[in-house]
Asks: 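Here it is: the structure, laid out below.
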Amino acid sequence: NNTVQDVIVRWRRMCADEALWLPGTDHAGIATQNVIEKQLAAEGTTRFALGRDAFVARTTAFVTETGGTILDQLRAIGASCDWSRTAYTLSPELSKAVREAFVLLHERGLVYRGHRVIHWCSRCLTSLSDEEAEHSEETGSLYHVRYPLTDESGSITIATTRPETMLADVAVAVHRDDERYRDLIGKTLTLPIANIEIPIIADAEGVDPAFGTGAVKITPAHDANDFEMGMRHKLPMPVILSPEGTMANGADAGSRVPPELLGVDRFEARERVVQMLKHLNALVKIEPHTHAVRHCYRCDTVVEPRLSDQWFVKMKPLAEPALSAVRNREIRILPERWEAVYINWLEGIRDWNISRQLWWGHRIPVWYCDACGEVTVSRDDVAGCPRCGGETRQDEDVLDTWFSSWLWPFSTLGWPNKDSADLKAFYPTDDLVTAPEILFFWVARMIMGGFAFMGEAPFHTVMLTGTVRDMKHVKMSKSLGNGIDPIDVIALFGTDALRYTVIAGLGMGADVMLDPNDLEKSFAPGRNFVTKLWNIGRFLLTNVGEETVRPLDAIDPSKLRRADTWILERLNIAITECNAALGPARPVNGVWNENELNSGLRLSEYTESARRFVWNELADWYLESTKARIASAGEDRDIARAVLAHCFDSALRLLQPIVPFITDTLWRRLPVAGNRHSEFIARASWPRRHETIASNGEFELVREAVNAVRQLRADYAVPPGDRIHARLDTSASADAATDAAVFDEEREFLGRIARCDIQVNGEGSGESGATILLSSGAKLIVPLGGIVDIDKECGKAKIELEKLATQLAALEGRLANPGFTDRAPANVVAAERQKGVEWSARREQLTQKVVSLCGS
RNA sequence: GGUCGCGUAGCUCAGCUGGUUAGAGCGCUGCUUUCACACAGCAGAGGUCCGGGGUUCGAGUCCCUGCGCGACCACCA
């Protein structure tokens, strides 16, 4: 994730954007508090024994000590952050923003105190937001329990997954139109065990006649749905669970929980209640039942719906602009499919429970006066009651960690000071890169926060990365022990190898599979590439020498050789491909247009284009072709040096965002005017196409010849030391003079890398041999004496000819079909025609080859 | 239950709005230790693009369907 961000920011920096990557950390409320609580437990004490102030002091010390680890790791992977702006959600500056946000929302009527059923973690002893209570499918039981009518005229059977909560039942609801129960509505039932009389009520929304028995027990204090029904029907709401999750007679419970169950854990109580129902002959049956159970996202404890007082943020008004921003393309989400998920969530958004019964976090800026009941919401600490002057006490709760995180895009830039220079310079930002898991927790809320507090979207692009997984596709995690510590990889192969591997393997939104048990194999792509790049650099720098090369513009284009224009054209193509893969940085008019919407940030494609240029084109071909020129003296040597230096300089710049360290080291040594020792490559400019230089394609003829000779050598196992003597026959060439000139110019190159000496239009030796037909029509005749198996060569040619003939027939059929020529786009038809011409020519060549080899 | 996604070479994946003879990395086979690089070079093998229908002049790409996976959401007690 951080490497992705660094690649993007380095790229933009080279494109002359004033690119800021602001690093920082959050205080991770529940997670951090849990760590300290575990430490305390190991020491045999608790936070309550320690007291709030001491606990906070201890946690602060822990964070101070360990909080820098992540920042050190960021430095180790080369993250080019502006460290001077490092932010932390609990810092005084950001805490000020938090209070401001809370008070502003309160002033707008969007923060309120609510009494309702929320998700409660009985281990963390705090409430959780809907997002923090994660679902997971579990096989449990559905218990059918008979509740007798008080008048003993019959009974109703209800179905429940949590029988222990029956002690808090206040009614049984049936659907208003359910024939089975119509006559019972208004009668009362006797709640078993508790022996309390409860009414049978009719409801339409809350009851599904098709589920279970069609009769639902109503437990308003321990079920969100039942709470709603309880509100509708004005029912009492007895609480029978303690915060710790044990059975207890809480508010309004009277003595519903019998003495033998008091203090019993909820799961143990479930078993006991079931046994008691059995003895009372009230248990009808137990069915296996799979359903989703919510768990605490930090400690995995099953959360309990529980009635309590909490602070909430009214979300509907905040969601509106966040929805339209994505709908009208002010913000794009990549990959696009996540937009639907985002929209779906925002459309059904519910109010956000922001209070946590924790000690680690921003304490809620609300003060209560016990004397007069005044509630004060304030930006500043309140010393005395503003109404009666009495003593005040601050709310005990802290805010959800995400309540500070959702302000990040502007709180880190100086907000609430709207005149802050940083805010003016950098808001709105461009990109947010993160994991899909926190799309709701963080991304959606930041967008809502951006509109609520800044009046505009906080960024233009949300890029959701994939997840790093092991070879079994299991997400890497500390607890499973299947993770890879990037620091280990850096120690083994270097930062650049780590970065390259990850970026090259990262398709848009795709997961990356790495084998924690075989780092060597997992990181081979990066290690190999970085080593290759180093070797290219070593060789190239040695050959180019120390003397500063001429700038490309200072070279007379007519002096450039075919290899020069070829590689410069390949460079142009590489630059174009990299630009296309990286895409536009931001929408031109604030709104993404159709073409831009889904383009860009394809980092693996960008990496592949840059890799192909420097490895397969510059190193494999051009570098080889210049060896003799470099060894010679005179102007051609300088031209080759200049082109080499220019191409490598551009290649290093293209690669800098991915492999910043090795490119910097090499780049500083390149004898290009202005580069040397003067500054970072990170501050160099992004390469641009060189429009004035065009290749005539003639170097391709050389590549064809080399490839053909190499294949011949491999096919016939010509000993590596043996030279091949070939003859170029240009009699059938389209441009005989040019062909002759090309091979004359590249004689040395061909001789060296293909170990093949070519005589242009010389006397034939009379030997039979292989004939290689080049695309220009020229023939390369290779007499191979006794080495070549003519029949085999002829057979190969025949097979190729047959294959081509089949494909050509299909193509000709297509071209002869009016359905195609009339309906397909003109450029497609033209391309197919052109292809037909080329294939026909190829067929002609192959035919000649077969005739010349086989004699028929 | 709702929504979305995936199934392409032995493995991990590209293939964007249907239009060259379907690509890359790793792995595999053969040859080469040639003075930048064996973490390399050269050559090569390997794919009925999950199955079945359909639309189209043309489908890996669009539609339907079957099978096999996965993700997210959800107040079925």
Asks: Using a 4.0 Å heavy-atom cut-off across all strands, classify A:Ala504 as base, sugar-phosphate, or nothing.
Replies: nothing
Asks: List in chain and number order the residues that pass side chain to side chain contact (heavy atoms under 4.5 Å, CB included) with A:Asp515, two or more places apart in sequence or in another chain; answer none if no residue qualifies.
Replies: A:Met471, A:Asn517, A:Asp518, A:Ser522
Asks: Could you tell me which nucleotide pairs with B:G60 by Watson-Crick or G-U wobble geometry, both distances under 3.5 Å, or answer none if nothing does?
Replies: none
Asks: Using atom P in both nucleotides, what's the gap between B:G23 and B:A45 to the nearest angstrom?
Replies: 13 Å
Asks: For B:A22, which nucleotide is its Watson-Crick or G-U wobble mate, given both distances must be under 3.5 Å?
Replies: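 Looking at the geometry, B:A22 pairs with no nucleotide.
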Asks: What interatomic distance, in whole Å, is found between C1' of B:U34 and the corresponding atom of B:C42?
Replies: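 12 Å, rounded to whole Å.
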Asks: Using the P atom as the point on both nucleotides, what is the distance between B:C4 and B:G41, in whole Å?
Replies: 46 Å
Asks: Partners of A:Tyr500 by ring-ring contact (aromatic ring centres under 6.0 Å, His included), sequence neighbours excluded?
Replies: A:Phe529
Asks: Between B:C73 atom C1' and A:Arg350 atom CZ, what is the distance in whole Å?
Replies: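 From A:Arg350 CZ to B:C73 C1': 11 Å.
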Asks: In chain order, what residues pass the side chain to side chain contact (heavy atoms under 4.5 Å, CB included) check against A:Glu624, with sequence neighbours excluded?
Replies: A:Lys627, A:Phe749, A:Arg752, A:Ile753
Asks: Spell out protein contact along nucleotides 31-41 of chain B as letters: B when the base is contacted, S when just the sugar-phosphate is, - when no protein heavy atom is under 4.0 Å; keep the 5' to 3' order.
Replies: -S-B-BB-BSS
Asks: Using the C1' atom as the point on both nucleotides, what is the distance between B:U21 and B:G68, in whole Å?
Replies: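 Each nucleotide's C1' atom is 32 Å from the other's.
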Asks: What interatomic distance, in whole Å, is found between P of B:C11 and the corresponding atom of B:C50?
Replies: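 Taking atom P in both B:C50 and B:C11, they lie 13 Å apart.
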Asks: Can a side chain N or O of A:Arg612 be found less than 4.0 Å away from OP1 or OP2 on B:G25?
Replies: no
Asks: Return a single string for nucleotides 4-23 of chain B, one symbol per nucleotide in 5' to 3' order, where B is base contact, S is sugar-phosphate-only contact and - is none, cutoff 4.0 angstrom on heavy atoms.
Replies: -S------SSSS---BSB--
Asks: Name the pairing partner of B:C42, where a pair is Watson-Crick or G-U wobble with both distances under 3.5 Å, or state none.
Replies: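 Partner of B:C42: B:G30.
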Asks: Of all residues at least two apart in sequence or in a different chain, which pass the side chain to side chain contact (heavy atoms under 4.5 Å, CB included) check with A:Asp223?
Replies: A:Arg162, A:Asn225, A:Asp226
Asks: Please work out if A:Asp130 contacts a base, only the sugar-phosphate, or nothing of the nucleic acid, heavy-atom cut-off 4.0 Å.
Replies: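 If one applies the 4.0 Å heavy-atom cut-off, A:Asp130 turns out to touch nothing in the nucleic acid.
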Asks: Do the side-chain N or O atoms of A:Gln711 get closer than 4.0 angstrom to the phosphate oxygens (OP1, OP2) of B:C42?
Replies: no
Asks: Measure CG/A:Leu346 against P/B:A74 and give the value in whole Å, please.
Replies: 12 Å
Asks: Given B:C75, is OP1 or OP2 found less than 4.0 Å from the side-chain N or O atoms of A:His135?
Replies: yes
Asks: Taking the minimum atom-to-atom distance to the side chain of A:Pro525, which one of B:G25, B:A74, B:G44 wins?
Replies: B:G25
Asks: Provide the Watson-Crick or G-U wobble partner of B:G70, both distances under 3.5 Å; none if there is no partner.
Replies: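 By the stated definition (distances under 3.5 Å), B:C4 pairs with B:G70.
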Asks: Using ring-ring contact (aromatic ring centres under 6.0 Å, His included) as the criterion, list what pairs up with A:Tyr181, not counting sequence neighbours.
Replies: none
Asks: Under 4.0 Å between any heavy atoms, over every strand shown, what does A:Arg469 touch: base, sugar-phosphate, or nothing? Just pick one.
Replies: nothing
Asks: List for me each residue that meets salt bridge (Lys or Arg N to Asp or Glu O under 4.0 Å) alongside A:Asp620, sequence neighbours excluded, and say none if there are none.
Replies: none
Asks: For A:Glu608 and for A:Leu142, locate the closest nucleotide of RNA chain B by heavy-atom distance; then report the residue assigned to the nucleotide nearer the 5' terminus.
Replies: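 Residue closer to the 5' terminus by nearest nucleotide: A:Glu608.
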Asks: Please identify each residue that fulfils ring-ring contact (aromatic ring centres under 6.0 Å, His included) with A:Phe211, with sequence neighbours left out.
Replies: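 A:Phe211 satisfies ring-ring contact (aromatic ring centres under 6.0 Å, His included) with A:His289 once adjacent residues are dropped.
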Asks: Using a 4.0 Å cut-off on heavy atoms, which residues in residues 208-226 of chain A reach RNA chain B? List them by number, or say none.
Replies: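 Within residues 208-226 of chain A, the residues near RNA chain B are A:Asp208, A:Phe211, A:Gly214, A:Val216, A:Asn225.
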Asks: Rounded to whole Å, how long is the line connecting atom NE2 of A:His289 with atom P of B:G1?
Replies: 12 Å
Asks: Name all residues meeting the side chain to side chain contact (heavy atoms under 4.5 Å, CB included) criterion together with A:Val284; count only those two or more places apart in sequence or in a different chain, and write none if there are none.
Replies: A:His144, A:Arg146, A:Thr157
Asks: For nucleotides B:G27 and B:G66, find the distance between their C1' atoms and express it as a whole number of Å.
Replies: 34 Å
Asks: Can you tell me how far P in B:U8 sits from the matching atom in B:C13, rounded to whole Å?
Replies: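 That atom pair is separated by 9 Å.
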Asks: Only counting residues at least two apart or in another chain, list the ones meeting side chain to side chain donor-acceptor pair (under 3.5 Å) with A:Tyr147.
Replies: A:Asp169
